[in-house]
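No experiment lies behind these values; they were computed from the predicted model shown. Proteins come first, then strands; the chains are lettered A, B, ... in the order of their sequence lines, and each starts at number 1.
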Amino acid sequence: MTVEPRRSPLDGLDVHREGVRLRELPFPSQVDLRLDPVGTAANRVAQSLGTPLPVVPNTVVVSGDRHTLWLGPDEWLVVGPDGDAPVVVRALREALGTEPGSVVDVSANRVVLELSGARARDVLEQGCSIDLHPRAFGPERCAQTLLARANVLLYQVNEMPTYWVMVRPSFAEYLVSWLLDAARCPRVGADRSGRGTDPSS
Amino acid sequence: MLLIPCPWCGDRDETEFHYGGQAHVAYPQSPDALSDAQWAEYLFVRDNPKGEFAERWCHNAGCRRWFNLVRDTATHQIVVQR
């Protein structure tokens, strides 16, 4: 019997289209953490991760190659590189101790799509109702919202801008098709450079 | 479409939320002492005011937390978060 090499849900998709790059970040480690943010376990978890947990809604704390995303007042998602999940789960379970809470490896729960390039925000704005303008959204901000009617966890990684669009695997192909289509369509009112009209700039 | 203020995530579209009906409906102290009519009243009968109404919402597509707010059923104006 031969062992098939493992394949990510989008098989390592990586395409450039009209000033944006869309690629899948294959096999990210994702660990869901729930605990009381004012309990003593929160301090031990902060030490274990090397940074305090983000308590401001919809923000992200980055520590090395681990990104801790706020999902709720008592819930976070720790995203790391391939193979990191067992390490994180062990460390967080130890830090949680006997306090109420949970640490669950949810690496297969979401596909991580990386959308980057000068027009990345224009593309997302065609299907997302939250304000992604720098005055309201920026690096180290995240939001759970709807993008083209699909539930997504959206995270702006840097100023470029680079976004991570995290979506259930069963929605991933649909969302990729939608994103590539949106990348082809200039926004209504966009000038020839492809950038939308922006009253503040 | 309503713009609903989630206490955690801020203003979001109504499509991100799930409606939970009237707020502050207390579970009966001793359910087994109730008559069928009283139990049905607790389960199914809700106020239906024209005007301010305290109701439950859940931010399903966001932080998935329940919260209360007061909405005017005639104007859809969200009066206060409670």
Side-chain angles (χ1 to χ4, degrees), chain A residues 32-38 53-60 68-77 102 104 106 109-110 124-138 140-156 165-168 170-171 174-175, chain B residues 1-31 42-43 46-82:
Chain A
D32 188 271
L33 167 69
R34 298 201 67 169
L35 58 79
D36 180 354
V38 292
L53 291 167
V55 287
V56 177
N58 299 313
T59 57
V60 182
T68 307
L69 285 69
W70 184 98
L71 295 186
D74 59 0
E75 186 173 12
W76 294 268
L77 184 72
S102 73
V104 182
V106 292
N109 190 29
R110 295 183 181 91
L124 292 177
E125 281 173 343
Q126 294 178 57
C128 185
S129 67
I130 65 169
D131 189 1
L132 297 176
H133 190 277
R135 78 184 151 232
F137 204 80
E140 301 188 356
R141 292 288 308 270
C142 67
Q144 296 162 92
T145 186
L146 298 172
L147 175 62
R149 299 174 300 285
N151 277 282
V152 295
L153 170 55
L154 191 65
Y155 163 32
Q156 183 170 346
V165 181
M166 303 166 76
V167 64
R168 294 290 175 103
S170 57
F171 284 85
Y174 155 72
L175 201 64
Chain B
M1 168 113 57
L2 297 180
L3 197 61
I4 296 175
C6 167
W8 297 103
C9 304
D11 290 347
R12 295 290 183 91
D13 280 355
E14 184 185 352
T15 46
E16 294 192 7
F17 294 85
H18 175 75
Y19 184 62
Q22 184 176 356
H24 311 301
V25 179
Y27 189 75
Q29 288 275 334
S30 44
Y42 160 70
L43 280 186
R46 295 291 180 265
D47 296 343
N48 185 22
K50 180 179 181 182
E52 292 185 8
F53 187 45
E55 54 197 13
R56 310 261 295 140
W57 287 86
C58 181
H59 192 190
N60 266 15
C63 59
R64 310 204 315 273
R65 264 52 189 190
W66 285 94
F67 60 95
N68 293 351
L69 57 77
V70 177
R71 179 178 60 97
D72 190 307
T73 55
T75 63
H76 278 320
Q77 187 85 36
I78 287 161
V79 186
V80 67
Q81 223 164 342
R82 228 181 248 170

* **Flag side-chain contact, heavy atom, 4.5 Å: A/Leu71 against B/Cys63** => no
* Asked: More than 12 non-hydrogen atoms from neighbouring residues, nucleotides or ligands closer than 6.0 Å to CZ on B/Arg46, yes or no?
  -> yes
* To do: Please tell me if the side chains of A/Asp74 and B/Arg65 come closer than 4.5 Å, counting only heavy atoms from C-beta onward.
  => yes
* Taking all heavy atoms of B/Glu16 and all of A/Leu146, pick out the closest pair and write down the distance. => OE2-N, 3.8 Å
* A/Gln144 CD to B/Arg64 CZ distance, which is reported to the nearest 0.5 Å -> 7.0 Å
* Heavy-atom pairs under 4.5 Å with chain B are the metric here; pick the option from A/Pro57, A/Pro73, A/Ser129 that has the most. => A/Pro73
* Check B/Ala61 against A/Asn151 and note the closest heavy-atom contact, atom names and distance. => CB-OD1, 3.2 Å
* Asked: In terms of heavy-atom contacts, does CZ of A/Arg168 have more than 12 from other residues, nucleotides or ligands at under 6.0 Å?
  -> no
